[in-house]
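Let me begin by presenting the structure, written as C-alpha cells, before commenting on it.
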Amino acid sequence: MNKHEDKNCPRCNTVFECKVGSILLCQCTMVTLNEEERAYLRERYTDCLCASCMQAVKVEYHNNLLQENIDKLSGKTKR
C-alpha cells in the first residue's frame with residue numbers, strides 16, 4: 001500500500017499531497033533540480049515544498065547566482 005500524506009508547504013502554507021510511497025507520482029517530480037539547486041533548497045527548508053514553491057526557489061537560486069556574477073564583474077564585494 002502506498003503512503004500518501006497531506007502536507008503544508010513551509011514556504012507558502014499551501015496544502016499538497018506528498019506521495020513518498022509513490023515518488024514517481026509525487027507533485028515534486030514536476031520540477032527538475034540539479035545538485036546545486038537541491039543543496040540550495042536543503043539549506044533553506046527542512047521539509048517538502050509544493051511544486052510552485054520548488055520552481056520559485058529554483059528561480060531565486062539562479063537570480064542570486066546572476067546577481068553574484070554581476071557584482072563580481074562590477075567589482076562589488078559582499079559586506
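Excluded from the calculations below are hydrogen atoms, water molecules and symmetry mates; all remaining heavy atoms, backbone and side chain alike, are included. For this chain, numbers begin at 1 and follow the sequence in order.
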Notebook entry, point to check: Is there a donor-acceptor pair under 3.5 Å between the side chain of K19 and the backbone N or O of C28?
Noted result: no

Notebook entry, point to check: Distance-only, no hydrogens or angles: does the E37 side chain make a donor-acceptor pair with backbone N or O of N34 under 3.5 Å?
Noted result: yes

Note to self: Is a donor from one side chain sitting under 3.5 angstrom from an acceptor on the other, for Q67 and D71?
What the structure shows: yes

Next item on the list: Could you identify which residues cluster with Y40, counting Ile, Leu, Val, Met, Phe, Trp and Tyr as linked when any side-chain heavy atoms lie under 4.5 Å apart, either directly or through a chain of such contacts?
Entry: V31, L33, L41, Y45, L49, M54, V57, Y61, L65

Testing the basics here: between [X] and [Y], what is the closest heavy-atom pair and its distance to 0.1 Å?
| X | Y | answer |
| --- | --- | --- |
| C9 | C50 | SG-N, 3.5 Å |
| Q27 | E17 | CG-O, 4.0 Å |
| A56 | R11 | CB-NH1, 3.6 Å |

Spatial distance of atom [atom1] ([X]) from atom [atom2] ([Y]) [nearest 0.5 Å]:
| X | Y | atom1 | atom2 | answer |
| --- | --- | --- | --- | --- |
| R38 | K58 | CZ | NZ | 10.0 Å |
| N63 | E68 | CG | CD | 11.5 Å |
| N8 | C48 | CG | SG | 12.0 Å |

